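Along the sequence shown, residues are numbered consecutively beginning with 1. The model shown is predicted, which means the values in this text are computed figures rather than measured ones.
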Amino acid sequence: MILALYILIALVAVGSLLYILHRRDLRRNPPAEAEAATTVEDDSQCCGMHITCEKDSLLTSVSKEIEYYDDEELDRFRGRRSTDYADDEIEEFRNVLLTLLPGDIAGWGRSIQLRGIELPDDVRDELLLIVAEARKSSVHNNPV
């Protein structure tokens, strides 16, 4: 019985030492998978290394390049709050959104953010709904 106790103590001590050394090594040299997950190799297609594909993301931190979608006239709304739009101005945003190609919708949302334009609340909700539906359908059509 005492021999089993000594073996258990030795296993716990060796296991703890190995765990501490492993954690130290991870801090010094992060695994290659973590480094690869933070880079994008090709903008034209998803690489599969990210939770969300860059071309489907609405986050401005993903891409800093402003791209126009024949919507330069919307720049006049720069700096305006999302609640300060008239009905005809909201329809102008909605018209641009609904005439975009499905693959351009997320990029347009990023472009609007980068240009400092707040979408009207209704149009922003529609944009988020369209992007969410597109993601949902792409997950169902392209299982990993």
If you look at every heavy atom in L119 and Y85, which pair is closest and at what distance? C-CE1, 4.1 Å
Look at the side-chain heavy atoms of Ile, Leu, Val, Met, Phe, Trp and Tyr, link any pair under 4.5 Å apart, and say whether L129 and F93 land in one connected group.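 L129 does not cluster with F93.
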Find the distance between [atom1] ([X]) and [atom2] ([Y]) and round it off to the nearest 0.5 Å.
X: L74; Y: I117; atom1: CG; atom2: CD1; result: 5.5 Å
X: E91; Y: L97; atom1: CD; atom2: CG; result: 11.0 Å
X: D84; Y: D121; atom1: CG; atom2: CG; result: 10.0 Å
X: R94; Y: D87; atom1: CZ; atom2: CG; result: 9.0 Å
X: R27; Y: D25; atom1: CZ; atom2: CG; result: 10.0 Å
X: R80; Y: E89; atom1: CZ; atom2: CD; result: 4.0 Å

R81 atom CZ: more than 12 heavy-atom contacts under 6.0 Å: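 At most 12 heavy atoms, drawn from other residues, nucleotides or ligands, come within 6.0 Å of this atom.
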Would you say D88 has more than 12 foreign heavy atoms packed within less than 6.0 Å of its CG?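 Yes.
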Would you confirm whether [X], through its side chain, and [Y], through its main-chain N or O, come within 3.5 Å as a donor-acceptor pair?
X: R115; Y: R78; result: no
X: S111; Y: G107; result: no
X: R23; Y: I20; result: no

Side chains of [X] and [Y], heavy atoms from C-beta outward: is any pair under 4.5 Å?
X: L100; Y: D71; result: no
X: V96; Y: V123; result: no
X: Y68; Y: D75; result: yes
X: D104; Y: E67; result: no

